[in-house]
Amino acid sequence: MYHRTRIRRTRIRLVATVAAAGICALGLTACDSGDSGDTVTDKPKAKASASATTAEKPASEKPAAEKSGTPDVAKVGDTIALKGLEDGNKLDVTVVKIADPAKSSDEFTTPGSGKRFVGVQFKLVNTGTAAYSDSPANGAKITDVDGQQFESTFADITAGPSMSSAVRLKPGGKALGWIVFEVPKASKTDTIQFAMNSGMANQTGEWKLS
């Protein structure tokens, strides 16, 4: 049963990737969306409560990071605003929690020899004007301190429900779920990246894990 499920999900991944590529091929102008090239952003959105508190403080009492002009780096709990390939495709993406190591929710799905599961819980909010339709796990990658990158794998973990392999959100819609990665036991995770359109969007968000 697990083998059939894996094949079915793999097909979904391939279809989503081909569909994203087709969008670019058929609508090259829309895919550009005014961007000059690929970008990786680790700048988190300002939190409403934090902004309000800062606004009430005099300039002399502002946080050191704000005084120096040093940008914050997105970490677990932060939200990054991302754009997709077409106008109207926008998401607020939050890395909510990390489970490292993560435990499989069944006895049949286990990491390979010398490896472990790492789970990342994502929250997606469609802030655009167009519907969002994608397989989010395709656009997620985790990187260790040595620079090795690992793509998502199909596994359910005890930390909570997995992110759907076929998310469809109307403007304002939300999705929450875990995306799982299989990494070597000796690897120390460093960052997690996410991009729309199955990873083919020009803009990629990056969160620091350590």
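One is the number of the first residue; the rest follow in order along the sequence.
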Are Ile80 and Val125 connected in a single hydrophobic cluster, I mean Ile/Leu/Val/Met/Phe/Trp/Tyr linked by side-chain heavy atoms less than 4.5 Å apart?
no
So, taking the atom named OG1 in Thr39 and the one named NZ in Lys83, what distance separates them when rounded to the nearest 0.5 Å?
9.0 Å
Please report the closest heavy-atom contact between Gly119 and Ile157, naming both atoms and the distance.
CA-CD1, 4.0 Å
Distance check, rounded to the nearest 0.5 Å: Asp38 atom CG versus Met200 atom CE?
10.0 Å
Check the pair Ile142, Leu209 against side chain to side chain contact (heavy atoms under 4.5 Å, CB included), reporting the backbone distance first and the verdict last.
CA-CA 10 Å; Ile142 200 166; Leu209 300 180; 3.9 Å; yes
So Asp100 and Arg116, salt bridge (charged side-chain N to carboxylate O under 4.0 Å, His left out) or not? Walk me through it.
CA-CA 8 Å; Asp100 185 9; Arg116 73 186 192 275; 2.7 Å; yes
Between Asp190 and Lys208, is the closest basic N to carboxylate O distance under 4.0 Å?
yes
Run the side chain to side chain donor-acceptor pair (under 3.5 Å) test against Thr189 and tell me which residues pass, sequence neighbours left out.
none
Can you give me the closest heavy-atom contact between Ala137 and Ile179, atom names plus distance?
CA-CD1, 3.7 Å
Once salt bridge (Lys or Arg N to Asp or Glu O under 4.0 Å) is applied, what residue pairs with a partner in residues 198-207 remain, sequence neighbours excluded?
none
Would you please name every residue forming a side chain to side chain donor-acceptor pair (under 3.5 Å) with Thr143, sequence neighbours left out?
Gln149
Identify whether Ile98 and Trp207 are in the same connected component of the hydrophobic contact network (ILVMFWY, side-chain heavy atoms under 4.5 Å).
yes
Atom NZ in Lys75, atom OG in Ser210: separation rounded to 0.5 Å?
9.5 Å
Mind checking the NZ-NZ spacing from Lys97 to Lys123? Nearest 0.5 Å is all I need.
12.0 Å
Would you check, one step at a time, whether the test side chain to side chain contact (heavy atoms under 4.5 Å, CB included) holds for Trp178 with Phe122?
CA-CA 6 Å; Trp178 290 85; Phe122 283 91; over 6 Å; no
Does a donor on one side chain and an acceptor on the other come within less than 3.5 Å for Asp156 and Ser105?
no
Can you list the steps and then say if Val167 with Tyr132 is a side chain to side chain contact (heavy atoms under 4.5 Å, CB included)?
CA-CA 8 Å; Val167 173; Tyr132 168 77; 3.9 Å; yes
Taking all non-hydrogen atoms of both residues into account, name the closest pair between Ala155 and Phe117 and its distance.
CB-CZ, 3.8 Å
Side-chain donor-acceptor contact under 3.5 Å, Thr79 with Asp92
no
Side-chain donor/acceptor of Asp146 to backbone N/O of Gln148, under 3.5 Å
no
In terms of hydrophobic clusters joined by side-chain contacts under 4.5 Å, are Phe194 and Val183 together?
yes
Kindly work out whether a path of hydrophobic side-chain contacts (I/L/V/M/F/W/Y, heavy atoms less than 4.5 Å apart) joins Val118 to Phe154.
no
For Met196 and Leu82, work out which heavy atoms get closest and say how close.
SD-O, 3.9 Å
Are any side-chain N or O atoms of Asn197 and backbone N or O atoms of Gly84, one a donor and one an acceptor, separated by less than 3.5 Å?
no
Work out which heavy atom in Asn126 is nearest to a heavy atom in Leu169; give both atom names and the distance.
ND2-O, 3.0 Å
To the nearest 0.5 Å, tell me how far Thr191 OG1 sits from Asp42 CG.
9.5 Å
Polar side-chain atom of Ser104 near backbone of Asp106 as donor-acceptor pair, under 3.5 Å
yes
Just by modelled atom types, is the Ser135 backbone N or O under 3.5 Å from a matching donor or acceptor in the Ser165 side chain?
no
Under 4.5 Å between side-chain heavy atoms, hopping through other hydrophobics if needed: is there a path connecting Phe181 to Met163?
yes
Which atom of Ser164 lies closest to which atom of Pro136, heavy atoms considered:
O-CD, 3.6 Å
